[in-house]
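Structure first, commentary second.
Below, each value reflects all heavy atoms present in this structure, side chains not excepted, and no hydrogens, waters or symmetry copies. In each ligand, atom 1 is the first atom listed, and ligand 1 is the first ligand listed.
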Amino acid sequence: MATDLQPAKFRSAESKISQRERDQAIMDEDVLLSVRNLSTHFFSREGIMRAVDGVSFDIKRGEILGIAGESGCGKSVTAQSILRITPNAGRIVDGEILLHHDDKIVDLAKLDRKGRAIRDIRGAAISMVFQEPMTSFSMAYTIGNQIIEVIRLHQNVDQKEARSRAIAILGRVGMPKPEQNIDAYPFALSGGMRQRAMIAMALSCHPSLLIADEPTTAVDVTIQAQILELMKSLQQEMNMALIVITHDMAVISELCDRVMIMYLGKDVENAPAGELFRNPKHPYTVGLLHSVPQLGGGKSQEIVGISGTVPSAYVRPAGCSFHPRCPAFMPGVCDMTEPPHITVGPNHSVRCHLYV
Ligand code: SF4
């Protein structure tokens, strides 16, 4: 289903411009997903929490984007917003989530979150793997039953063919004895095997975009390295775009082409990965990189290079929300005005008054 995204100049009934030309005017063909000025807020008795607050980024086909930042910075809510699976208190209040899908551009932000259109996209065009595989699987059914159900939901195949595809994808993600383990219940598998089964289910319909939310946090060091290696090889083999959400900058350096750093619901820096590690601009990014944990170091290696803690998202500091923790804080500037996106190099933008 396409939404009415055409600028007014294209809406004339006499227009000879094709749908494809109109879409190209809005979004480059090689961009798979364009998130523009996205704001997702949570409404509760405590007030309004601006979990995601004016975030913009593009991801190209076949690209790996890392989204990094401390806990509570809005990384996971950004991903949930794309799939329209935020908890009930969360609402998209502004922005667009434009997806190239079936030769059209669909604004996911405008779809009914329980409607047919988004259900057709979830699990097919866009899939997600979570930190804890138990989030994805029901304990009451075998992994095979659940993977087959996803395949049959999105692909027009019979039970036998779906089972054979499920065995093939389980084999591809390195599940030992896939013909037997397809009939295993999730609780009967080890943590690493459950992780592989979850990746198999996410990839079973060949999505254009896979979102992995802290995919290696819940498994031990050896399995972490194997899962990262697996995700990278599958991403290349399937030419799939991948969004990796993590607090671990070592995972970003290992895996990603591009990085977006988030702080308190804002995208504070966005750059190609090599450029960000060589030439970080935002003081928050500099702090993150000073505390890069070792790859595979696990959840205990939290970010320690930045003083203070993330303030409550209910009571945001005025101006730049990082100013109470920033070593480069400029009184009268940083606490007065919110910095805009500033381009500081090719494909490199930052929100900081130092670069105005
Ligand atoms: Fe620090 Fe000011 Fe830049 Fe914010 S705008 S990161 S407070 S220098």
Original post:
Taking only residues two or more places apart in sequence, or in another chain, which ones meet His348 in a side chain to side chain donor-acceptor pair (under 3.5 Å)?
Top reply: Glu269, Glu275
Subject >> Carboxylate-amine/guanidinium proximity below 4.0 Å for Arg163 and Asp183 >> reply: yes
Original post:
How long is the gap from NZ on Lys75 to CD on Glu70, to the nearest 0.5 Å?
Top reply: 8.5 Å
Subject >> Closest contact, heavy atoms only, Ile97 versus Ser81 >> reply: CD1-O, 3.6 Å
**OP:** Over 60° means perpendicular and under 30° means parallel, so classify the ring planes of His282 and Tyr284, tilted if in between.
**Re:** perpendicular
**OP:** Less than 2.8 Å from atom 1 (Fe) of ligand 1 is the window; count the protein N, O or S atoms in it.
**Re:** 1
Original post:
Ion pair present between Glu254 and Lys232, side-chain N to carboxylate O less than 4.0 angstrom?
Top reply: no
